[in-house]
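Heads up, the thing below is written out as structure tokens.
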Amino acid sequence: LPVMASQGLTYDGCNFFRQRLVLSTLSGKRVKIRNIRSKDDNPGLRDFEASFIRLLDKVTNGTRIEINQTGTVLFYQPGLLYGGVVEHECNTQRSVGYYLEALLMLAPFMKNPLKAVLKGVTNDPTDPSVDQLKYTSIPVMKRFGIDGEGLELKVVKRGMAPGGGGEVLFTCPVRKTLRPIQLSEPGKIKRIRGIAYSVRVSPQMANRIVDSARSILNKFIPDIYIYTDHMKGDKSGKSPGFGLTLVAETLNGTFLSAEQVSTPQGQGDPVLPEDLGRNCAKLLLEEIYRGGCIDSANQSLALVYMTLGQQDVSKVLLGHLSPYTIEFLRHMRDFFQMMFKIETQKPAEDERKGGDKVLMTCVGAGYTNISKSIK
């Protein structure tokens, strides 16, 4: 549990590291994290966490960061979110998605519109890939009124784990306030889209993935289109690999996604493209069963935007809350004193609406972007 220091929060351990730093930056509260892997043979912050701190330092102005010699204690005093043009080499232990998820939460509240170029691993098995964020997080941002020309997420070069070498461009406009949302009816699935990508392997791999994914999904819906994306030359990064990201879109404009990536070179048994396609299709069906108006990868993003909205009621229907989201809600209470009203909804047997749902309601904190000049 957090120990309340004077105006700051103290936490133990390395878990939920990004959540704490992102919420600290948004709320302006200092945070101290102790005992970071202190019992480990290799104690302290990992390289990818240090890289994350450097990225936060680049997008803010006046942030103070102190780390002790062994790297087991971190003191973070947030500065102002500045934005502007940022270029960052992400550590290849984690994918660009790890860094991007945090930027998505911070970007609308910057002083200047953010234009970030992130380099590193674009697709790996642990973090959400850039493709998944592009197909699901960007629509979530649009719901809250963050849209227009300036909102873009583009894979310039693909880089598979472990070598990386990919490049991603993310631009986002700033907003003074966010619009409250009322999303309680996800609607039926109307189409499935996807992208099968392959780099430094035979381009045929992508087609094999598409065929096997369709063999399962065709039983449910005819409108399926999976793009194949084979990047060549300097755009293909440093490691071979392939993968698939699938997105189901509902009549009400909800996007649910699932993805699978091939095993990184030299890290275990290789995977067949056929199995990968089938597994990904099954994961998508599971995600659809969980349902809700925001898919499980973007639950915390939507909850942040709801908390930081105008002083008005926001409602959203989610599928099963992931453990990460549950911890996120606890952190929200620490940093913003924000409590959600949580109601569970059990769909009737004959409705065929999938698993149990959770209706989350809150009144926004009335957070405004102070650095945006009022025109």
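Following chains of ILVMFWY side-chain contacts shorter than 4.5 Å, one cannot reach Leu169 starting from Met110, and the two form parts of different hydrophobic clusters. When hydrophobic clusters are built by joining Ile, Leu, Val, Met, Phe, Trp and Tyr residues whose side-chain heavy atoms come closer than 4.5 Å, directly or via intermediates, Tyr99 is grouped together with Leu103. Connection of Leu301 to Leu308 is established within a shared hydrophobic cluster, with ILVMFWY side chains joined at heavy-atom distances below 4.5 Å, either directly or through further cluster members. Linking Ile, Leu, Val, Met, Phe, Trp and Tyr whenever their side-chain heavy atoms come within less than 4.5 Å leaves Leu318 and Val313 in two separate clusters.
Shown here is Gln69, whose CD atom has no more than 12 heavy atoms of other residues, nucleotides or ligands within 6.0 Å. Counted within 6.0 Å of OH on Tyr324, heavy atoms from surrounding residues, nucleotides or ligands total more than 12; the atom is thus considered enclosed. For NZ of Lys58, the number of neighbouring non-hydrogen atoms (other residues, nucleotides, ligands) closer than 6.0 Å is greater than 12. Other residues, nucleotides and ligands place no more than 12 heavy atoms under 6.0 Å from the NZ atom of Lys341.
For the residue pair Asp356 and Thr344, no side-chain donor N or O sits within less than 3.5 Å of a side-chain acceptor on the partner. Ser129 and Glu259 are linked by a side-chain donor-acceptor pair at a separation below 3.5 angstrom, with hydrogens and angles left out of the test. Residues Glu287 and Ser296 have side chains that bring a donor and an acceptor to within less than 3.5 angstrom of each other. Side-chain contact of Asp57 with Thr63: a donor-acceptor pair under 3.5 Å is absent, judged by distance alone. The closest side-chain donor-acceptor pair between Arg200 and Ser236 falls under 3.5 angstrom. Between Ser212 and Ser215, the side chains place no donor N or O within less than 3.5 Å of an acceptor N or O (distance only, hydrogens not considered). For the residue pair Asn252/Thr250, the side-chain donor-acceptor check at 3.5 Å is not satisfied.
The minimum heavy-atom distance linking Val121 with Arg94 is given by the pair CB-O, 4.2 Å. When all heavy atoms of Lys142 and Asp147 are compared, the closest pair comes out as CG-CB, 4.0 Å.
From Met160, atom CE reaches atom OG1 of Thr263 across 10.0 Å, with rounding to the nearest 0.5 Å. Rounding to the nearest 0.5 angstrom, the gap separating the CG atom in Asp312 from the OG1 atom in Thr177 is 11.0 Å. How far CD1 of Ile294 is from CD of Gln299: 9.0 Å, rounded to the nearest 0.5 Å.
In summary, Arg37 and Glu49 engage in a salt bridge, as defined by a charged side-chain N under 4.0 Å from a carboxylate O. Checked for salt-bridge contact, Arg208 and Asp275 miss the test: no charged N lies under 4.0 Å from a carboxylate O. Salt-bridge formation is detected for the pair Arg158/Asp131: a Lys NZ or Arg NE/NH1/NH2 atom is positioned less than 4.0 Å from an Asp or Glu carboxylate oxygen. Salt-bridge formation is not detected for the pair Lys29/Asp334: no Lys NZ or Arg NE/NH1/NH2 atom is positioned less than 4.0 Å from an Asp or Glu carboxylate oxygen. Electrostatic pairing of Glu249 and Arg193 does not count as a salt bridge here, judged by no charged N lying under 4.0 Å from a carboxylate O.
Aromatic ring centres of His331 and Tyr11: separated by under 6.0 Å. For Tyr135 and Phe255, the gap between ring centers reaches or exceeds 6.0 Å. Ring to ring, Phe109 and Tyr367 are close: their centroids are under 6.0 angstrom apart.
Of the candidates Arg34, Lys32, Arg20, Asp12 forms a salt bridge (charged side-chain N to carboxylate O under 4.0 Å, His left out) with just one, namely Arg34. In summary, of the residues considered (Glu89, Gln93, His88, Arg46), a side chain to side chain donor-acceptor pair (under 3.5 Å) with Ser51 occurs for His88 alone.
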Problem set entry | Check against salt bridge (charged side-chain N to carboxylate O under 4.0 Å, His left out), Arg290 and Glu286 | CA-CA 6 Å; Arg290 267 185 238 126; Glu286 266 178 44; 3.8 Å; yes
Exercise. Taking it one step at a time, do Ser257 and Gln132 satisfy side-chain hydrogen bond (donor to acceptor under 3.5 Å, both in side chains)?
Worked result: CA-CA 7 Å; Ser257 72; Gln132 186 175 15; 2.7 Å; yes
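Among residue pairs with one or both ends in residues 71-83, those qualifying as side chain to side chain donor-acceptor pair (under 3.5 Å) are Thr25-Tyr76, Arg64-Gln77, Asn68-Thr72, Thr70-Thr72; sequence neighbours excluded.
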